[in-house]
Amino acid sequence: MKKTFLILGAVVIFMASFSKADLTKEKTVVAIATVTSHAAFQSNPGEKLINKSDCLGCHNKTNKIIGPAYVEIAKKYPATEKNINMLADKIIKGGTGVWGNMPMTAHATLKKDDAKLMVKYILSLKKK
């Protein structure tokens with residue numbers, strides 16, 4: 001009887017050692033899959049800046065809210081260095097009259113390079 005319990009205990013320990021290894025492999029696979037899926041949804045730096053700002057209160061990617069939709073802006077302005085600089089300045093200084101009477105709020109604390117990243121993202125939405 002003692003031999004039976006001893007053998008049974010050894011078998012249980014032996015089996016448990018294999019299940020731990022499998023569990024570790026499963027965790028590794030899940031971790032790799034999670035990292036891969038997050039990387040697939042990582043957004044453009046300009047888009048990240050827009051999402052962190054107050055832009056979404058007046059603008060939307062595809063629909064006009066208070067200001068024009070980003071795709072409408074992209075349709076109107078070719079992605080030239082001149083337009084990128086002009087639109088970045090407009091974001092920083094504010095403006096009115098191009099898209100209607102509603103003024104766009106100035107964003108004086110925004111860095112020019114960040115505003116340019118935002119504009120480049122918006123102009124990249126142009127449908128070909």
Side-chain angles (χ1 to χ4, degrees):
M1 183 87 165
K2 288 182 183 180
K3 283 185 181 181
T4 306
F5 282 121
L6 185 58
I7 292 172
L8 185 59
V11 170
V12 169
I13 292 172
F14 181 74
M15 296 290 281
S17 68
F18 281 113
S19 66
K20 242 183 189 178
D22 290 341
L23 187 59
T24 304
K25 285 181 184 176
E26 284 180 27
K27 284 182 181 178
T28 303
V29 169
V30 169
I32 291 170
T34 303
V35 169
T36 304
S37 68
H38 286 305
F41 293 108
Q42 194 171 21
S43 59
N44 177 295
E47 183 181 15
K48 286 180 184 178
L49 289 167
I50 288 171
N51 290 335
K52 290 179 183 178
S53 72
D54 65 346
C55 300
L56 299 176
C58 297
H59 298 278
N60 180 279
K61 191 173 185 177
T62 56
N63 300 315
K64 178 182 179 6
I65 299 178
I66 294 171
Y70 296 141
V71 293
E72 291 299 316
I73 297 168
K75 193 185 303 182
K76 183 171 183 150
Y77 297 101
T80 64
E81 198 60 37
K82 180 181 175 182
N83 285 337
I84 291 168
N85 281 312
M86 182 267 298
L87 292 170
D89 286 339
K90 187 166 282 236
I91 291 170
I92 294 169
K93 296 175 185 172
T96 188
V98 177
W99 297 93
N101 295 330
M102 183 62 74
M104 185 170 95
T105 308
H107 299 85
T109 59
L110 189 63
K111 296 176 187 170
K112 175 87 177 221
D113 288 339
D114 289 344
K116 287 173 76 171
L117 285 173
M118 295 162 93
V119 170
K120 287 177 183 179
Y121 165 71
I122 292 167
L123 296 184
S124 76
L125 299 174
K126 183 175 184 173
K127 295 182 180 168
K128 299 180 191 234

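Note that the structure is predicted; figures quoted are calculated from it, not measured. Positions are given from 1, in the same order as the sequence printed here.
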Go through the steps to decide whether K126 and Y77 satisfy the test side chain to side chain contact (heavy atoms under 4.5 Å, CB included), and finish with yes or no. CA-CA 9 Å; K126 183 175 184 173; Y77 297 101; over 6 Å; no
Mutual orientation of the aromatic rings belonging to H59 and Y70 [parallel < 30°, tilted 30-60°, perpendicular > 60°]: parallel
Side chain to side chain contact (heavy atoms under 4.5 Å, CB included) between M118 and L110, intermediate numbers included: CA-CA 11 Å; M118 295 162 93; L110 189 63; 3.7 Å; yes
What do the steps show when you test K111 against I92 for side chain to side chain contact (heavy atoms under 4.5 Å, CB included), and what is the final call? CA-CA 8 Å; K111 296 176 187 170; I92 294 169; over 6 Å; no
Can you tell me if CE on M102 sees more than 12 non-hydrogen neighbours from other groups inside 6.0 Å? no
Do the side chains of I66 and V98 join up, straight or via other hydrophobic residues, at under 4.5 Å, putting them in one cluster? no
Donor-acceptor pair, distance only, cut-off 3.5 Å: does the side chain of N83 make one with the backbone of P78? yes
In the structure I gave you, are the side-chain heavy atoms of K90 and M104 within less than 4.5 Å of one another anywhere? yes
Can you check whether K48 reaches L117 side chain to side chain, under 4.5 Å on heavy atoms? no
Supply the atom-to-atom distance L125 CG to E72 CD, rounded to the nearest 0.5 angstrom. 11.5 Å
For K112, does the NZ atom have more than 12 heavy-atom neighbours from other residues, nucleotides or ligands under 6.0 Å away? yes
Between E81 and K116, does any side-chain N to carboxylate O distance fall below 4.0 Å? yes
Nearest 0.5 angstrom please: I73 CD1 to K61 NZ, how far? 13.5 Å
dist D114:CG -> I50:CD1 (nearest 0.5 Å) comes out at 11.0 Å
If you draw the axis of the six-membered ring of W99, does the NZ or CZ of K64 fall within 45° of it and under 6.0 Å from the ring centre? no
Pair C58, I65 - check side chain to side chain contact (heavy atoms under 4.5 Å, CB included), show working. CA-CA 6 Å; C58 297; I65 299 178; 5.8 Å; no
Nearest 0.5 Å please: distance from the CD atom of E47 over to the OG atom of S124. 8.5 Å
Hey, what do you get for CG (L49) to CG (N44), rounding to the nearest 0.5 Å? 9.0 Å
Supply the atom-to-atom distance T80 OG1 to L123 CG, rounded to the nearest 0.5 angstrom. 8.0 Å
